[in-house]
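Reviewing the structure listed below.
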2 protein chains.
Amino acid sequence: MTNEKLLSDFKDVLKKEGLKVTPQRIAVLEEIIKDKGHRESEDIYMAIKSRKTHVSRATVYRTLDILVQKGFARKLNLGDGRARYETKIDSPHHDHIICNECGKIIEFVNDEIEKMQEEIAKQHHFKLQQHIHQLFGLCKECQ
Amino acid sequence: MTNEKLLSDFKDVLKKEGLKVTPQRIAVLEEIIKDKGHRESEDIYMAIKSRKTHVSRATVYRTLDILVQKGFARKLNLGDGRARYETKIDSPHHDHIICNECGKIIEFVNDEIEKMQEEIAKQHHFKLQQHIHQLFGLCKECQ
DNA sequence: TTTATAATTGAGAATGATACTCAATTATAA
DNA sequence: TTATAATTGAGTATCATTCTCAATTATAAA
Ligand SMILES: [Mn+2]
Ligand SMILES: [Mn+2]
Ligand SMILES: [Zn+2]
Ligand SMILES: [Zn+2]
């Protein structure tokens, strides 16, 4: 999806919800799509500030919530107390491998595992809604 | 392993490390082995207080750290901001299924998945150290 | 059993990420 | 241009967990 289309989609969603299109909201959206990485709220806040748009941490958090809610972003919990956000646009489901040393994050998907999760849930009479699968270790460079 | 053996093992470890055997530390150990569940620090703190032993939250946290460090307990992050602790004694590795509604926790192991994780790590040149695999959904009762 | 001493404890303060409050500002539609 | 409801941001609150440090205690030597 082009960034223009994405931006206009976002505006449409905001309007549809009776929410306003503000420079802060646009800036957060732009920041999330610009850098394909797994970003902390603080990073995004600093990146926006270091440019032209005036923004507060509160607004960054609020906008990230909207983006997650509306399917534009995904929120990750890597267990270190700081949430990460990544774009969800053109980004199908995947899980993560995280380096314990340098923090590098690699994405992976394994259909076998995805399938098995469903079976395990079924065996225990659970209706699966989400899952977290994270592998932690040392990356090539950090071993 | 008998509770007596476990207690004496714990005392041995403490002594070996130059740490003191205190009623608070014993109480935390006892609490962790008494209830096989996935306990919050606050639960353990309350349970100990509601008995006879005087203890503080700080000491519960400190002792739980020791128990995890020395292999007597396991610390879980379920993504809700409160750590859970479970006994590691006679409890081989497993992962968890968590009910989004009532919080019920079920344990599972799947050797296939365990094996695949190793392969995935290898493919990405990672030396695997730990992993988190949690399935979230609705349990039979909550659907 | 004392004594010496280093380890431990607990009350309360600190931390850090995130959420909330509310007065001032702003986007939007009439 | 105006009316108004939504948004913003500064600062405060929250909540789990960690830290501080003076008072207490476990331990081992005498
Ligand atoms: Mn990712
Ligand atoms: Mn368990
Ligand atoms: Zn690394
Ligand atoms: Zn349930």
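Protein chains get the first letters and strands the later ones, always in sequence-line order, with residue 1 at the start of each.
The pair A:E118-A:K115 fails the salt-bridge criterion, with no side-chain N (NZ, NE, NH1 or NH2) lying under 4.0 Å from an Asp/Glu carboxylate O.
Remark: C1' of C:dT18 and OH of A:Y85 are 8 Å apart, rounded to the nearest angstrom. As rounded to whole Å, 14 Å separates atom C1' of D:dT18 from atom CZ of B:R57. Here C:dG16 presents its C1' atom at 15 Å from CG of A:D43, a figure rounded to the nearest Å. Rounding to whole angstrom units, CD of residue B:E17 and P of C:dA7 are separated by 13 Å. Atoms CZ (A:R62) and C1' (C:dT26) sit 14 Å apart, rounded to a whole Å. We find that CD1 of A:I66 is positioned 12 Å from C1' of D:dT8, with the value rounded to whole Å. Atoms NZ (B:K16) and P (C:dA7) sit 18 Å apart, rounded to a whole Å. For the pair A:D65 CG and D:dT8 C1', the interatomic distance rounds to 15 Å; values are reported in whole Å.
At least one side-chain heavy atom of A:L19 sits less than 4.5 Å from a side-chain heavy atom of A:R25. No side-chain heavy atom of B:I33 sits less than 4.5 Å from a side-chain heavy atom of B:F72. When side chains are defined from C-beta on, A:L67 does not count as touching A:K75, because their heavy atoms never get closer than 4.5 Å. Proximity of A:L64 to A:S41: side-chain heavy atoms (C-beta onward) are separated by under 4.5 Å at one or more points.
Side-chain nitrogen and oxygen atoms of B:Y61 include none within less than 4.0 Å of the OP1 or OP2 phosphate oxygen of D:dT18. The phosphate of C:dT9 has OP1 or OP2 within less than 4.0 Å of a side-chain N or O from B:T22. One finds no side-chain N or O of B:S56 lying less than 4.0 angstrom from the OP1 or OP2 phosphate oxygen of C:dA11. For the OP1/OP2 pair of C:dA11 and a distance below 4.0 Å, the side-chain nitrogens and oxygens of B:H54 include at least one atom meeting the criterion.
Considering only side-chain atoms of B:T59, the nucleotide from C:dT9, D:dA16, D:dT8 that sits closest is C:dT9. Nearest to the side-chain atoms of A:Q24 among the listed nucleotides D:dA10, D:dT8, D:dA16 stands D:dT8. Comparing atom distances between the A:L19 side chain and each of D:dG9, D:dA6, D:dT18 picks out D:dA6 as nearest. The B:R25 side chain lies nearest to C:dT9 when the options are C:dT9, C:dA17, D:dT8.
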Got a list of protein N/O to nucleotides 1-4 of chain D N/O distances below 3.5 Å?
none

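A donor-acceptor contact under 3.5 angstrom links the side chains of A:H38 and A:H96, judged on distance only. Of the N and O atoms on the side chains of B:R74 and B:T87, not one donor lies less than 3.5 Å from an acceptor on the other residue. For the 3.5 Å distance criterion, the side chains of A:N110 and B:E119 fail to qualify, holding no donor opposite an acceptor. Between the side chains of B:N3 and B:E30, no donor-acceptor pair of N or O atoms lies under 3.5 Å.
With DNA chain C read from its 5' end, the first of the two nearest nucleotides for A:D80 and A:P23 is the one closest to A:D80. Each of B:V21 and A:K15 was matched to the nucleotide of DNA chain C holding its nearest heavy atom; the match closer to the 5' end belongs to B:V21.
Side-chain rings of B:H93 and B:H133 stay apart, their centers remaining 6.0 Å or farther from each other.
Counting any heavy atom pair closer than 4.0 Å across all strands shown, B:E42 reaches no nucleic acid atom.
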Dot-bracket notation for DNA chain C, counting Watson-Crick and G-U pairs under 3.5 Å, with | for partners on another strand: ||||||||||||||||||||||||||||||
